[in-house]
Amino acid sequence: TTTTTTTTDLMDLFHRKPIEALEYEVRETGDEEYEDVIIDSVEGGSITAAIFGIVKGTVGPAVLYLPRGFAMSGYAVAVPSMIIATATYLYSATRLLQCWKVESDKVKLFSQKLEEIRELLDPPSSQNTKNLELSHGYGSISSTETTTKDESSMMQSPKTLLTYPELSRRAFGQASALISGGIAAMQFGVCLTYLIFVPQNLYESTKSLFGLEVPRHFFLLGMLSIETPLVWIRDIRKLTPMNILATMLIAFGLASVLFIALFGRSDVTQLSSSSRLIEDIVHLPASSPTWFLFIGTSFFCFEGAITLIVPLQEAVYKKQDRERFPSINRRVTTSIVTFYIFFAIICWASFGDSVQTALTASLPKSVLSTIVQFAYSIAVIFTFPLQAFPALEVVCHTTETKVGTYESRTILKRNMLASTIICFLGLIAVIAIDYLGNVVSLLGSLVGIPIALVYPPLMHNQLVPSSLTTRFLNYTLSGVGVIATIVASYTTIKCWNEGAG
């Protein structure tokens with residue numbers, strides 16, 4: 001017997017183990033023969049692969065924006081903001097995973113009911129020739145023996161992948177289009193920051209290496225010429241090699257930047273490097289007049305994590321690992337944020353208050369600094385199409401140019417649409433090329449806070465039976481999120497020129 005899987009989401013990027021059978025049943029097939037039938041299985045990865053997914057979804061180029069954010073706000077504002085943002089994010093992530101658990105159990109229960117109906121409708125003698133299709137949501141398998149078209153359509157279990165947008169659809173119906181649009185806007189916004197980050201990075205590296213001051217707009221045009229054909233790719237699995245290379249380059253870049261901040265300072269003379277750094281940390285300012293810009297930045301750090309958390313939960317193939325995943329997510333995320341705070345303070349103290357939003361542009365002139373700048377630029381260029389893919393998919397579904405369609409006219413229409421969007425982002429990047437920090441803050445405030453803070457608690461109230469206390473806490477957190485969105489967005493726009501750099 002052969003099997004087919006229903007895996008269709010971004011988790012194809014992560015290495016998955018083969019189908020893991022969780023439960024077997026021995027059934028008689030006739031002529032005194034027996035066969036093992038898998039009656040509960042999922043396809044996915046181990047808990048270790050899920051941890052890698054959490055790290056990959058959270059740690060990215062956005063970490064380089066934090067030192068500038070700390071300098072613009074002061075440690076007395078930045079550190080508590082990061083702690084509050086992390087706590088509220090983890091609360092919302094837990095609520096989102098609880099929504100997934102309830103809906104996943106409904107899918108399994110529905111599958112079991114279908115199986116019972118099938119057994120009632122099929123006479124015992126036909127069990128040897130009829131296929132029993134078992135679907136348990138993500139990673140379900142089905143045998144390929146023949147059934148009629150009508151029976152197949154009647155008995156087929158729902159195979160919709162439970163993602164953040166799908167859970168919002170089940171909670172809010174047609175109103176969930178606002179959430180899907182917000183997620184797409186966030187993804188495109190991240191792509192916009194890449195279009196500002198890379199030209200600034202390459203400007204500094206070419207200036208250091210060749211002594212040439214090439215205008216950043218030329219680098220932007222070059223990046224657009226690279227990214228436009230890359231976003232035409234319709235099979236996300238083809239982006240896997242670039243994703244792996246980008247991950248390696250980002251890891252190398254982070255380690256190198258931290259090394260330069262700790263040991264690569266050229267201004268150290270009498271005091272040792274570590275002693276001078278400690279002295280600089282002690283004298284860092286506690287607050288700054290532009291502290292409000294960090295509110296959005298603190299939530300921007302989780303731009304990739306909240307939408308990935310449910311697919312990662314579904315991708316874990318062992319039942320006991322699925323139950324452990326929420327607590328592991330909390331521990332891993334807390335560790336990442338602890339590193340973020342350490343990284344931001346060290347780099348801020350090392351490079352001073354003049355540190356730029358694109359941190360690599362603030363590195364002292366050296367061979368290692370130039371290598372890091374080029375490495376990060378390549379990593380971001382390769383990450384761009386992967387970041388744009390889910391947002392483009394939302395737009396294509398809205399305009400009926402779906403990714404899986406292979407008609408030449410549809411493919412051409414999708415490519416033209418993708419090219420138009422990327423060029424439009426490029427136009428915005430030209431206007432905002434000196435305001436990367438503001439763009440990051442505005443994205444975090446206007447889009448990041450609602451996605452991470454407002455919607456998940458409301459979805460929980462709609463999908464999960466809970467106590468009055470829990471519902472009150474959910475409404476309270478969502479209300480605070482709405483207020484934070486309005487206030488942080490307004491202040492960022494009002495004081496736009498103060499955040500340049």
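Scope of the values below: all heavy atoms of this structure, side chains included, with no hydrogens, waters or symmetry mates.
For the side chain to side chain donor-acceptor pair (under 3.5 Å) test, no residue two or more places apart in sequence or in another chain qualifies with Thr228. Applying the ring pair (Phe, Tyr, Trp, His ring centres under 6.0 Å) rule to Phe384 yields no partners; only residues at least two apart in sequence or on another chain are considered. With sequence neighbours excluded, the residues forming a side chain to side chain donor-acceptor pair (under 3.5 Å) with Ser441 are Thr492, listed by chain and number. Listed by chain and residue number, Leu195, Leu220, Ile422 satisfy the side-chain contact (heavy atoms from CB on, under 4.5 Å) test with Leu224 (two or more places apart in sequence, or in another chain). Ser467 pairs by the side chain to side chain donor-acceptor pair (under 3.5 Å) definition with Thr470, not counting sequence neighbours. In this structure, Ser335 has no side chain to side chain donor-acceptor pair (under 3.5 Å) partners at least two apart in sequence or on a different chain. Scored by the ring pair (Phe, Tyr, Trp, His ring centres under 6.0 Å) test, Phe343 finds Phe339 as partners (sequence neighbours excluded).
Within the 4.5 Å cutoff, side-chain heavy atoms of Pro457 are placed close to those of Ser92. In this structure, Val214 and Phe218 have side chains that are in contact, with non-hydrogen atoms separated by less than 4.5 Å. Looking only at side-chain heavy atoms (C-beta outward), Glu103 and Leu463 come within less than 4.5 Å of each other. For the pair Ser180 and Tyr164, the minimum side-chain heavy-atom distance is 4.5 Å or more. Between Phe325 and Ile54 the shortest side-chain heavy-atom distance falls below 4.5 Å. Side-chain contact check for Ile449 versus Ile295: some heavy-atom pair is nearer than 4.5 Å. Side-chain contact between Phe302 and Val337 is present, with heavy atoms from C-beta onward closer than 4.5 Å. Side-chain contact between Phe219 and Asn201: absent, with no pair of heavy atoms (C-beta onward) separated by less than 4.5 Å.
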For this session: Carefully, step by step, assess Tyr203 and Glu213 under the rule side-chain contact (heavy atoms from CB on, under 4.5 Å).
Result: CA-CA 7 Å; Tyr203 170 82; Glu213 295 188 7; 3.5 Å; yes
For this session: Start with the C-alpha gap between Leu230 and Glu227, add the side-chain angles, then the distance that decides, and say whether side-chain contact (heavy atoms from CB on, under 4.5 Å) holds.
Result: CA-CA 5 Å; Leu230 287 178; Glu227 302 298 356; 3.7 Å; yes
Problem set entry | Phe389 and Val231: CA distance, side-chain angles, deciding distance, side-chain contact (heavy atoms from CB on, under 4.5 Å) verdict | CA-CA 7 Å; Phe389 186 90; Val231 297; over 6 Å; no
Exercise. How far apart are the C-alpha atoms of Met459 and Arg95, what are their side-chain angles, what is the distance that settles it, and do they pass the side-chain contact (heavy atoms from CB on, under 4.5 Å) test?
Worked result: CA-CA 8 Å; Met459 291 161 58; Arg95 292 293 184 241; over 6 Å; no
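Here the side chain of Ser73 pairs no donor or acceptor atom with the backbone of Trp291 at under 3.5 angstrom. Proximity of a side-chain donor or acceptor of Ser205 to a complementary backbone N or O of Leu202 within less than 3.5 Å is detected. Checking side-chain atoms of Gln187 against main-chain N and O of Gln387 turns up a donor-acceptor pair under 3.5 Å. In terms of modelled atom types and a separation under 3.5 Å, the side chain of Ser478 and the main chain of Tyr475 share no donor-acceptor contact.
The side-chain hydrogen bond (donor to acceptor under 3.5 Å, both in side chains) pairs that include a residue from residues 453-466 are Gln98-His460, His460-Asn474, Asn461-Asn474, where partners are two or more places apart or lie in different chains. For residues 365-375, the set of pairs meeting the side-chain hydrogen bond (donor to acceptor under 3.5 Å, both in side chains) definition, not counting sequence neighbours, comprises Ser366-Ser369. For residues 59-88, the ring pair (Phe, Tyr, Trp, His ring centres under 6.0 Å) pairs, not counting sequence neighbours, are Phe70-Phe294. Sorted by first then second residue, the salt bridge (charged side-chain N to carboxylate O under 4.0 Å, His left out) pairs that include residues 324-347, not counting sequence neighbours, are Asp321-Arg324.
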Just list the side-chain donor-acceptor pairs under 3.5 Å for residues 480-488, sequence neighbours left out, or say none.
unit_1, atom_1, unit_2, atom_2, d
Thr485, OG1, Gly481, O, 2.8

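Using modelled atom types and a 3.5 Å distance limit, the side chains of Trp232 and Ser419 yield a donor-acceptor pair.
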